[in-house]
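Residue numbers begin at 1 in each chain, while the letters A, B, ... track the order of the sequences.
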Amino acid sequence: MDYRRTYVKDIFQLSPGTEVSAYGWVKTRRDSKGISFVQLSDGSCFQDLQIVIDAGVIDETTLKAVTTGACVRFDGTVVESPAAGQAVELKATGMELFGAADPQTYPLQKKGASFEFLREIAHLRVRGNTFGAVYRVRNQAAWAVHKFFQDRGFSYVNTPIITASDAEGAGAMFAVTSLLEAGVPVEDNPEAHAFRLKSTNPAEDFFGKPSYLTVSGQLEAETMALGLTNVYTFGPTFRAENSSTSRHLAEFWMVEPEMAFCDLEGDMNLAEEFLKEVIKHILDNCAGDLEFFNKRIEPELLQTLEHVVNSDFERLTYTEAIKYLEASDKKFEYDVYWGADLQSEHERWLTEEKVGRPVILTDYPKEIKAFYMRGNEDGKTVRAMDVLAPRIGEIIGGSQREERYDVLRHRIQEMGLPLEPYWWYLDLRKYGSAPHAGFGLGFERLLMYVTGMKNIRDVIPYHRTPGQADF
RNA sequence: UGCCGCAUAGCUCAGUCGGUAGAGCAGCUGACUGUUAAUCAGCGGGUCAUAGGUUCGAGUCCUAUUGCGGCAGCCA
């Protein structure tokens, strides 16, 4: 067997009369007297291939093993379908059963199951309609990310996953250490195992100092941009926050472009162009999957996505947003005033009710943003931007970076951070500094937006959240 | 981490005032010459999350624990 094959999606393009073999997994089988129908999927497209089996063509024992979940190859001839539902189907002349799936125990059924249940069988849910569609869209979105940046001359760079600097002083981090010995037997309980700490001295650790899984590749990406001009990263990111919500993961994928010779305006333009182009790519390449999401998951999905592609994002300063919020009749749980960090309820009101499409908020008070953001001339705000989207909230966070050595040094100290770990970051401003800007996009949040899926755990094959690292 | 909700058949759920366990789907057996979440008939399927408590009697009320989910904080 060779990896080259005719995928199900290609079989739909073949002319009637063509002989072909279809490989895949069985969704359902329906029997009538003298004829059987099998829905076959190989994950190459949303639509299943219908296999038609006349009585006597396949021996009865083998046919009986063609149950939901079984893996098979059907050989046959492409024919025009006399019934509604599909243009062509495969009239079987023979088959091979690769792997049966005991119907008494196979957990998937043709009728829908809850997403919560499917998370428990995440290794099998890819065979269902919803998750096949999610992962096909995920693949196309990843491809669109690379294509977008490569078309514009951005270099793909890989930043470290293990880092010894607490990059932004924000967000709980996972420690990486070789000072722990695992699987040490517990004295009074022979079944239990524990960790043993070999040393408490960070100097004796693998890297000679405390190290962590990265929470962002931004700082390193900045160094690459000040040499390659335009760069982007696309890799895993880790947050040890004990947050259990429908939009947080402990391990997620982030896209982080960084551009030399760029200001906040250019950063916003890139973010908007980026979201539009990735969404357009999905619309153009995942039509069947989106149709399903539109029908079963999020009724307004297609309309919303097309609207986003064809209209300009609303751009507001933080100060303007506060004015709108203060003028709103809506009762908020948290008070709104200039200087307050916007809460989820505020962001949701702005993007869902006030504007009704993505909004870019800019120029936040410096107190509520990170140290590296470029200060404005008013001395009170920084050149930050957040892109907020209906349903999911913050999808992009970015800023123009502070490129002035003295100002940055001062900000680090003002925020109570140590200077020493940032020596190389400060060096960037000391030698050949350039105005530059960038942003971070949560890839899974983008996927929630384009699929309409309500829980971030359902747009990644195997989610990592507090208390959950199965598979 | 805080607040709230849920836990009953393989799955999705119902279960009234505390009175001894139900449905649909799935599975199994059969029927039907073209089905599309096929249809029709029949059959099997339960430690009501766990541990205590109240009561003559608990799926139902109380407490604790565990798991899952939602919201908030944090963020992408």
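If you check every strand for non-hydrogen atoms under 4.0 Å, Ala55(A) touches nothing. If you check every strand for non-hydrogen atoms under 4.0 Å, Ser244(A) touches a base. Nucleic acid contact for Ser81(A): base, since at least one base atom lies under 4.0 Å from a heavy atom of the residue. Ile395(A) comes within 4.0 angstrom of the backbone, heavy atoms only, and of no base. In this structure, Ser114(A) reaches the sugar-phosphate backbone alone: every heavy-atom distance under 4.0 Å involves primed, P, OP1 or OP2 atoms, never a base. Contact annotation for Arg119(A): backbone-only contact, meaning every heavy-atom pair under 4.0 Å involves sugar-phosphate atoms and none involves a base. Within 4.0 Å of Arg296(A), counting heavy atoms only, lies no atom of the nucleic acid at all. Among the atoms of the strands shown, only primed sugar atoms or phosphate atoms (P, OP1, OP2) are found under 4.0 Å from some heavy atom of Ile396(A). At the heavy-atom level, Thr245(A) lies under 4.0 Å from base atoms of the strands shown. In this structure, Gln47(A) reaches neither bases nor backbone, as no heavy-atom distance under 4.0 Å exists between it and the strands shown. The residue Pro82(A) sits close to a base: some heavy atom pair falls under 4.0 Å.
Of the listed nucleotides (rG27(B), rC11(B), rG73(B)), rC11(B) has the atom at the smallest distance from the side chain of Phe117(A). Out of rA76(B), rC75(B), rG34(B), the shortest distance to the side chain of Val52(A) is found at rG34(B). Which of rU35(B), rC32(B), rU12(B) sits closest to the side chain of Phe37(A) comes down to rU35(B). Ranking rC28(B), rU35(B), rG73(B) by closeness to the Ala83(A) side chain, first place goes to rU35(B). Checked against rG69(B), rC74(B), rG10(B), the side chain of Arg457(A) finds its nearest nucleotide in rG69(B). When distances are taken from the side chain of Gln50(A) to each of rG73(B), rU36(B), rA76(B), the shortest belongs to rU36(B). Comparing rC74(B), rC75(B), rG34(B) against the side chain of Arg445(A) picks out rC75(B) as the nearest. Side chain of Gln86(A), nearest nucleotide from rC32(B), rG70(B), rU35(B): rU35(B). Taking every side-chain heavy atom of Asp341(A) into account, rC75(B) is the closest of rG27(B), rA76(B), rC75(B). If you check rC71(B), rA72(B), rC28(B) against the side chain of Tyr334(A), the one that comes closest is rA72(B).
Aromatic pair Tyr334(A)/His346(A): ring centres not closer than 6.0 Å. Checked against the 6.0 Å centroid criterion, the rings of Tyr422(A) and Phe371(A) qualify as a close aromatic pair.
If you run salt bridge (charged side-chain N to carboxylate O under 4.0 Å, His left out) between Asp289(A) and each of Arg138(A), Arg296(A), Arg136(A), only Arg136(A) comes through. Checked options Phe252(A), Trp253(A), Phe234(A); the residue passing with Phe443(A) is Phe234(A) (criterion: ring-ring contact (aromatic ring centres under 6.0 Å, His included)).
The side chain of Ser32(A) places no N or O atom within less than 4.0 Å of a non-bridging phosphate oxygen (OP1 or OP2) of rU33(B). Between rC71(B) and Ser246(A), a contact under 4.0 Å exists linking OP1 or OP2 to a side-chain N or O. Between Asn242(A) and rG73(B) there is no side-chain polar atom (N or O) within less than 4.0 angstrom of OP1 or OP2. Note on Ser344(A): a side-chain N or O is less than 4.0 Å away from OP1 or OP2 of rG73(B). Taking side-chain N and O atoms only, Arg30(A) has a distance below 4.0 Å to OP1 or OP2 of rA38(B).
Stem analysis of RNA chain B (at least three stacked-register Watson-Crick or G-U pairs, each with both distances under 3.5 Å) gives B:1-7 with B:66-72, B:10-13 with B:22-25, B:27-31 with B:39-43, B:49-53 with B:61-65.
Going from atom CG of Leu305(A) over to atom CG of Leu290(A) covers 6.5 Å, rounded to the nearest 0.5 Å. Separating the CG atom in Leu325(A) from the CZ atom in Phe332(A) is a distance of 5.0 Å, to the nearest 0.5 Å.
Between Glu345(A) atom CD and rG73(B) atom C1' the separation is 12 Å, expressed in whole Å. At whole-Å resolution of the value, CD1 in Ile456(A) and P in rG69(B) are 14 Å apart. With rounding to whole Å, Trp253(A) atom CH2 is found 24 Å from rC75(B) atom P. What separates CG of Asp54(A) from P of rU35(B) is a distance of 14 Å, to the nearest Å. Counting to the nearest Å, the C1' atom of rG73(B) and the CZ atom of Arg239(A) are 15 Å from each other. Atom CZ of Phe46(A) and atom C1' of rA37(B) are 12 Å apart (whole Å). Distance Asn455(A) CG to rC71(B) C1': 13 Å, rounded to the nearest Å. rG67(B) atom P lies 17 Å from atom CD of Glu116(A), rounded to whole Å.
Inspection of the Ser21(A) and Asp75(A) side chains reveals an N or O donor paired with an N or O acceptor under 3.5 Å.
Both geometric conditions, a ring-centre gap below 5.5 Å and a plane tilt below 30°, are fulfilled for Phe252(A) over the base of rA76(B).
In terms of position along RNA chain B, the nucleotide closest to Gly34(A) lies nearer the 5' end than the nucleotide closest to the other residue of the pair His248(A) and Gly34(A). Heavy-atom distances to RNA chain B give each of Lys33(A) and Pro107(A) a nearest nucleotide, and the one nearer the 5′ end belongs to Pro107(A).
The aromatic rings of Phe238(A) and Phe174(A) lie perpendicular to each other, with more than 60° between the two planes, well past the 30° mark.
Judged by distance alone with a 3.5 Å cut-off, no donor-acceptor contact links the side chain of Gln343(A) to the base of rG73(B).
Cation-pi geometry between Arg119(A) and Phe115(A) is not met at under 6.0 angstrom from the ring centre and within 45 degrees of the axis.
Using a 4.0 Å cut-off between a side-chain N of Lys or Arg and a carboxylate O of Asp or Glu, Lys366(A) and Glu402(A) do not qualify as a salt bridge.
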